[in-house]
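Structure, as structure tokens:
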Amino acid sequence: MPSRYLITSALPYINGVKHLGNLIGSVLPADTYARFLRQNGCDVLHVCGTDEHGTPAEIAAQEEGLAIDVYCQQMHERQKLIYENFGIEFDFFGRTSSPSNHAFTTEVFKKLYENGYIQELYIDQYYSFDDQRFLPDRYIEGTCPYCKYDRARGDQCDGCGVLLNPEELIDPYSAISKSRNIALKKTRHFFLDMPKLEAEMTLWVEKQALWSDTVRGIAKKWLKDGVRPRCITRDLKWGITVPLNWIFAQKGQPIETVELDEVYNWAGEDKVFYVWFDAPNGYVSITQDWALSINSPDEWKKWWQPEKEQDVFYVEFMAKDNIAFHTIFWPAMMIGSGMNIKKVDDIKGFHWLTYDHGKFSTSQKRGVFTDVALELYPADYWRYYLLANCPESSDSDFSFEAFAAVVNKDLADILGNFVTRTIALHKKYCDLTIGIELTADNIDVQLSDRVNSATNCIAQLLSERKFRAASAELRALWALGNEYIAQKEPWQVLKTSQEQGEVILTHCLHLLRVFAIAGFPFIPYTSCKIFEILNDDSKKLRATSIANCLSFTCFNKGHKINDAYCLFEKIDDDTVQKLTQRFSGEGA
RNA sequence: CGCGGGGUAGAGCAGCUUGGUAGCUCGUCAGGCUCAUAACCUGAAGGUCAUUGGUUCGAAUCCAGUCCCCGCACCCA
């Protein structure tokens with residue numbers, strides 16, 4: 001057993017509020033897993049943060065009329081608050097624009113350079129005079145030389161799918177300003193020498209036993225087709241500055257002695273690392289920021305540079321588009337740097353969440369975004385639905401119709417209703433005061449066995465990070481409550497025997513406690529509410545492992561409980577229709 | 001032959017690695033109960049596992065071919 005569990009969620013990009021797919025594609029399952037491990041008493045660190053560099057961020061800031069740093073600051077706070085309100089408990093939610101990430105990324109680069117994994121090449125890049133900037137490949141459009149599609153991008157043609165270089169485009173123009181006043185300029189860039197790392201990466205990928213077929217498949221595909229030098233720098237202002245002084249010093253050619261034009265070309269001092277190069281380093285630098293925040297600056301090493309590799313078990317959560325970076329490029333950077341940074345053990349990759357059989361779309365306002373979601377319904381509704389229906393093995397669809405069906409049935413009818421009926425009976429016949437204690441003589445062994453079997457199963461599935469199956473088993477556990485109470489009919493028994501009736505009801509109260517503990521990784525707010533009703537200490541929710549969490553002796557004679565209330569409001573058909581219409585992105 | 005994912009009861013999915021009488025949830029229908037958010041419990045109906053061929057005593061599961069659906073278009077994970 002590893003002594004520590006390191007968990008990272010893919011860093012959400014800064015340029016806007018994320019949608020439900022982002023939530024279920026990384027941070028929510030990661031939080032669920034982290035909560036589960038913490039209940040088991042494991043030492044867990046879960047970090048995430050905003051990915052802030054790159055052209056899309058600059059353009060988004062420009063559109064908002066804000067300076068880039070101000071924009072990022074605001075958007076970071078906004079995203080952070082939304083995750084908090086979903087009950088995502090990061091140890092630290094950091095930023096890739098932080099000083100620590102500047103420092104760490106620079107160090108990674110220097111080590112790669114010293115170890116001979118960095119190549120310098122001049123490349124031709126388009127400069128837009130009207131935009132006054134170099135244009136990243138995807139911001140140049142033109143006609144595809146192969147299929148003649150007239151809106152091909154500089155990196156790829158969407159007409160025929162061929163991968164392109166920008167200079168291949170016929171009649172190119174700036175996608176930002178549509179200006180054709182652009183010209184190819186030579187500019188010096190740095191490349192990560194992937195071919196040199198290929199053999200080592202292949203070995204490393206082969207070694208991975210835990211990765212799913214999908215993850216392994218993507219990794220192998222990139223090893224097969226994607227092994228070529230990858231450019232790691234861009235000509236931009238916003239980012240982590242490439243340490244040119246240091247580089248020229250390394251060459252024994254002090255920068256002062258070199259013609260500026262020759263060195264920088266058009267980029268002047270605006271040469272920064274490409275966002276893909278600095279973003280994953282954020283996992284480490286954010287941990288460093290976490291360490292600073294707890295006044296133990298070296299604490300991050302416990303996680304990223306453990307004495308023994310197997311002391312830390314590291315799981316990354318992400319959507320499938322990110323898998324190549326996490327299976328190949330970032331590990332290659334870390335291996336090449338020789339910095340002895342802990343590498344990932346398992347990668348939990350998610351497929352896409354579609355919206356009402358189509359795509360989420362920011363520009364069309366189609367789909368539910370995380371800020372609006374919380375205005376509509378409490379966090380646990382979303383958490384439960386998304387976990388129970390997560391795109392684990394293939395894409396899955398979100399629709400309000402399905403959402404309402406699941407919320408109404410599972411949360412309201414199965415769980416919520418069991419809470420209400422149990423407490424109502426107790427109030428009526430026992431005055432919300434526990435009058436008996438359960439002992440070996442009166443404990444229902446059959447129930448006990450079934451509950452233990454279910455909780456063990458949930459724990460096992462969570463430890464394997466199978467969220468859909470774990471949710472289904474949680475639901476089955478809830479159903480045991482209704483089954484038990486229907487079979488025992490305490491409302492009948494109580495008419496003839498107070499004691500026998502109370503034995504049944506006390507079993508039900510303990511079941512509620514089990515539901516709260518087992519549900520805590522999934523629907524923490526609800527679990528807290530149930531514990532309040534039971535008048536139990538909510539700290540125990542965080543410190544009781546799910547497997548075998550059943551104990552029929554938690555409540556002493558005389559223990560008072562609180563009255564229940566409706567835990568889940570149902571969603572009616574009319575509302576479903578209105579919401580479906582509202583978020584369809586058509587007309588509106 | 002562009003890449004990737006998928007085709008299993010009306011809907012949504014599991015099973016496929018390691019072949020052996022087809023499973024879960026919702027929905028439908030029929031009973032039961034009345035403590036409860038018109039909730040709950042029990043039972044039933046409903047599938048030749050896209051299709052063709054092969055391997056095998058035996059294939060949803062392995063192999064080969066065919067067909068169909070989805071994403072790879074701003075945004076976006």
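First the proteins, then the strands, lettered A, B, ... as listed; each starts at 1.
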Report yes if a side-chain nitrogen or oxygen of A/S393 is closer than 4.0 Å to either non-bridging phosphate oxygen (OP1 or OP2) of B/A14; otherwise report no. yes
Between B/C33 and A/Q487, is there an OP1 or OP2 to side-chain N/O distance shorter than 4.0 Å? no
As its Watson-Crick or G-U partner within any shown strand, both distances under 3.5 Å, B/G2 has B/C72
The single option from A/F522, A/Y484, A/Y384, A/F418 that satisfies ring pair (Phe, Tyr, Trp, His ring centres under 6.0 Å) with A/W478 is A/Y384
When you check the phosphate oxygens OP1 and OP2 of B/C40, does a side-chain N or O of A/K409 lie under 4.0 Å from one of them? yes
Could you check whether A/A319 gets within reach of a base, just the sugar-phosphate, or nothing at all, counting any heavy atom under 4.0 Å? base
Would you indicate, yes or no, if B/C35 has its OP1 or OP2 atom less than 4.0 angstrom from a side-chain nitrogen or oxygen of A/K427? no
Atom CD1 of A/I323 and atom C1' of B/G5 are separated, to the nearest Å, by 12 Å
Closest nucleotide of RNA chain B for A/K570 versus for A/P12: which of these residues is on the 5' side? A/K570
Provide the Watson-Crick or G-U wobble partner of B/C49, both distances under 3.5 Å; none if there is no partner. none
With P as the reference atom in both, quote the distance from B/A30 to B/A45 in angstrom, rounded to an integer. 15 Å
d(CH2, A/W491; P, B/G32) in whole Å: 16 Å
Assign A/S394 to base, sugar-phosphate, or nothing according to its heavy-atom contacts below 4.0 angstrom with the strands shown. sugar-phosphate
Drop me the distance from A/E464's CD to A/D346's CG, to the nearest 0.5 angstrom. 11.0 Å
Should B/U55 form a Watson-Crick or G-U wobble pair with both distances under 3.5 Å, which nucleotide is its partner? none
According to a strict under-4.0 Å criterion, is A/K359 in side-chain N/O contact with OP1 or OP2 of B/G71? no
Can you see if the side chain of A/R475 gets near the phosphate of B/C26 - specifically, an N or O under 4.0 Å from OP1 or OP2? yes
Does A/H351 make a side-chain donor-acceptor contact with the base of B/A77, cut-off 3.5 Å? no
Could you identify the nucleotide paired to B/G10, looking across every strand shown and requiring Watson-Crick or G-U wobble geometry with both distances under 3.5 Å? B/C26
Rounding to an integer number of angstrom, what distance separates B/C24 and B/U34 when you compare their C1' atoms? 29 Å
Name the one of A/E141, A/R180, A/K178 that satisfies side-chain hydrogen bond (donor to acceptor under 3.5 Å, both in side chains) with A/Y173? A/E141
On the ring face of A/F350, is A/K348 found with NZ or CZ under 6.0 Å from the centre and within 45° of the axis? yes
Quick one: label A/L353 by what it contacts on the DNA or RNA (base, sugar-phosphate, nothing), any heavy atom closer than 4.0 Å. base
Salt-bridge criterion met for A/K320 and A/D395 (N-O under 4.0 Å): yes
Counting any heavy atom closer than 4.0 Å, what does A/F568 reach on the DNA or RNA strands: base, sugar-phosphate only, or nothing? base
